[in-house]
Structures are given as C-alpha cells and as structure tokens.
Amino acid sequence: MRYAHLPPSSLNTTNTPFIRASSSQRVVDYATNWTLGAPPPPSLTISCGTDECNDTLDDAVCSSAGSSDPQTNTWIDTFFPPLPLTKYLNTHAPGANLTTSDVYNLMSLCPFETLAKETRSSFCALFQGGVLGTGWEGFEYEGDLDSIMELGLYGQPLGKIQGVGYSNKLLACLTLSPVQDHTQKNSTLDSSPLTFPLDRKFYADFSHDNEMIPIYTSIGLFAQNRDLDVHKADKGRNWRANLLVPFGAGMVVEKMVCARSHSSSSGGGMKGEYVRILANDALQPLSFCGAGEEGLCELGAFLESQGYARRDGDGDFGRCFSSIALLERGGSFGCI
C-alpha cells in the first residue's frame, strides 16, 4: 500500500486517519467498510445529516445550475437513430417496442450489473460485436457530455463553484490553518477541532462522482479548452468521464516536505514543501503552478494557483441562487 508507513497509533493522534463521508447511506456504508481496514478502525464523521445543509462532499448546493439533459438528449437522438441497434432489438424481441433511450439504458446495465454481481453482465455480451457492437463509442461520449455540461467548468458556468468549498478545506489541511470559505463550508463542523482537526497526517473523504467533477475543475485539473460538440464526437477531447470518474474513482493530494536539497529531473534543488496530485493513480501535470515532470508544485505556488477558490468563486456562489443564472444557462433546471 502506498501509505502503509502512516499507520494509526494510539500514542500519536496525528497518525490517526480522519475520515469523512457525505450523508448518503451508500457512501456512509462504503466509508465504514473502508475504515475496517485500519487497525484500530478510525471514527467516521458524517459531513451533513440532511439534504438541506452546506456540504462540501455533495453537489446539491447550487440550485441554479442547469441540467445536461438538453445536450445529452440531443446527442442520443443524433448518434443512435442512424445505428440499427433499436431496429435490431425490436426485430428479435417482438412487442418490446424499445426506444432509442431504452437501448441506451440497456447498455448502462452492462457496467452497473457487472459491478453489482461482481461478474460480467450478460448485457455486455448483448452489445458486443456485429451490429450491436457499434454503439459503445456513442455511449461513452454521452457520459462525457453529461459530466462536462452539468458539472464541469467547460460546459457549465456554475460547475466549478460547486467544488470551491472542498478546495478551500483542502487548502486548510495543507496549511494547517482554519478553513476560509463562504460557499459550501459547514461552519458548525469545520470550526471544531473534533469534527475537522488540522493535525492529521492522513485524511480520507468519501463522496460522489458528481462532486468529484466540480472539485477537479475548481482545482484546475483536466482542462478542456472548448465545449464538446453535441452532434459529433470530439476525437481530440481530453475530457473522458471513464478516466475521470470510473467506478471507485479517487483523487489523492500529497504534501511532501523535503528537509534537504537533492537533484531533480527538472533541475535545481528540491528543499521545501511540495504538493502533487494523483487522479485514479495517474500523476497529474500541474502546469498551472509550475510543476515539472515529477508533478511537484511548491506549496506556495499551489496555494497561489487556487485564487478562484480563495476568492470564494468570484461571486459565482451567489449566482447559484439567482434567476439570472437560469436564463443564461438555458435548458432545464433544478437541484442536481
């Protein structure tokens, strides 16, 4: 294990992992099971007890953020009808009267049932090879559109603001200082050293893929410099949901302290405090704060790069509750 050298110790509270989870029961159950692997199991803090409170581990705060339905529906209606998928299935299942959306949902059963039953779903084989194997590219692209248009910075103006609260808590952990945030922060929990201590070596948060997307964009990861086309798959895109938020997705932020200088491949010494980030075990190129090929940013440079979060989103949080934001976005709306 990457962090086996940081075991919990009853003699040193700073080595006891601090674990938080969003309030959804499935997330709480997952986090609880994870803690059982640490001897002795650390306690678990639930970040919010209801659906109507500030929570940096959930994306249900920005009521004016739009839905991705107009874009994803356009894509499904554009990509799938020319394919013979629906016709083929209806021919072989008389009376089913499947629609294009039905076919998409049947394809979704492949990954979900595989995960639930821990064995390859028969729906995967149904859409493999021949006529039915032609739909997976479009299925993948729908997921990319859904995430970038509903929660990502590059297609959703109020996307990354939903990750600012978490980003500011991350900065508090990195600097061992109180949380400075006026967006999603839960002041009751985050002001107490019992429910948000600043003296731990290891923090683990359990959330949703829908919250990881705005956290990525708030920090500046996976920059996509253009909207995705809703009529034709963008082959050159780097925004791919199956790489950003696969099942069991995880982002790791490491703070390293180099006590003495040593050479680095980018030249110069490395004495000081550094930050690096891994997303799903892949080292992230933090070019926005001057990282070299080792992915290391000086702590000060990383803090400086997080100006959007430190400024509470430049007023975007207020737009989360503004009817003007609804008119700007267009499409359908509601809490997400």
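Computed from heavy atoms alone, side chains included, the values below leave out hydrogens, waters and symmetry copies.
- A distance-only check finds no donor-acceptor pair linking the side chain of D205 to the backbone of L57 [under 3.5 Å].
- Between D229 and K232, none of the side-chain N atoms (NZ, or NE/NH1/NH2) sits under 4.0 Å from a carboxylate O, so this pair counts as no salt bridge.
- Between R311 and D314 there is a salt bridge, with a side-chain nitrogen of the basic residue lying less than 4.0 Å from a carboxylate oxygen of the acidic one.
- Between F139 and Y104, the ring center distance clears the sub-6.0 Å criterion.
- Checked against a 6.0 Å centroid threshold, the rings of Y274 and F302 do not count as neighbours.
- Residue-environment remark: CG (N33) exceeds the threshold of 12 foreign heavy atoms within 6.0 Å.
- W75 and F79 have parallel rings, their planes meeting at less than 30° on a 0 to 90° scale where 60° marks the start of perpendicular.
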Show your working on side chain to side chain contact (heavy atoms under 4.5 Å, CB included) between S218 and Y166 and close with a plain yes or no.
CA-CA 9 Å; S218 172; Y166 187 90; over 6 Å; no
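- Using modelled atom types, one finds a donor on one side chain and an acceptor on the other under 3.5 Å when comparing D102 with T99.
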Test log, rule side chain to side chain contact (heavy atoms under 4.5 Å, CB included), inputs L198 and V179
CA-CA 10 Å; L198 292 170; V179 181; 5.6 Å; no
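- Remark: side-chain polar atoms of S64 are paired, donor with acceptor, to backbone N or O of C320 under 3.5 angstrom.
- Across every non-hydrogen atom of T195 and T45, the tightest pair is O-CG2, 4.1 Å.
- In terms of heavy-atom proximity, D234 sits nearest to L228 at OD2-CD2, 3.9 Å.
- The shortest non-hydrogen separation linking N280 to Y216 is ND2-OH, 4.0 Å.
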Using the rule given for salt bridge (Lys or Arg N to Asp or Glu O under 4.0 Å), can you reason through K169 versus D181, listing the C-alpha separation, both sets of side-chain angles and the distance that settles it, and then say yes or no?
CA-CA 8 Å; K169 294 188 77 168; D181 180 77; over 6 Å; no
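- No continuous path of hydrophobic side-chain contacts links I277 to Y203 [ILVMFWY only; heavy atoms under 4.5 Å].
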Please lay out, stage by stage, how L126 and L89 fare under the test side chain to side chain contact (heavy atoms under 4.5 Å, CB included).
CA-CA 10 Å; L126 175 63; L89 289 173; 4.3 Å; yes
Please lay out, stage by stage, how Q306 and L171 fare under the test side chain to side chain contact (heavy atoms under 4.5 Å, CB included).
CA-CA 9 Å; Q306 300 303 299; L171 299 183; 4.0 Å; yes
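- With a 4.5 Å cut-off on side-chain heavy atoms, M251 and M212 count as touching.
- Shortest non-hydrogen contact noted between G220 and F288 is O-CE2, 3.5 Å.
- At a cut-off of 3.5 Å, with distance as the only test, a side-chain donor of S68 or D146 sits close to an acceptor on the other residue.
- Looking at every heavy atom in both residues, W239 comes nearest to I148 through NE1-CB, 3.4 Å.
- A salt bridge links E273 to K255: at least one charged side-chain nitrogen sits closer than 4.0 Å to a carboxylate oxygen.
- For E298, the CD atom is loosely surrounded, since the number of other residues' heavy atoms within 6.0 Å does not exceed 12.
- The backbone N or O of G165 sits nowhere less than 3.5 Å from a side-chain atom of T56 that would complete a donor-acceptor pair.
- Counting all heavy atoms, side chain and backbone alike, S22 lies closest to H208 at OG-NE2, 3.4 Å.
- Open room surrounds CD on E304; 12 or fewer heavy atoms of other groups in view lie less than 6.0 Å from it.
- Formation of a donor-acceptor pair under 3.5 Å by the Q184 side chain with backbone atoms of Q162 is found in this model.
- Side-chain contact between R276 and E294 is absent, with no heavy-atom pair separated by less than 4.5 Å.
- Remark: side-chain polar atoms of N168 are paired, donor with acceptor, to backbone N or O of A309 under 3.5 angstrom.
- Aromatic ring orientation, F202 versus W34: parallel (interplanar angle below 30°, classes split at 30° and 60°).
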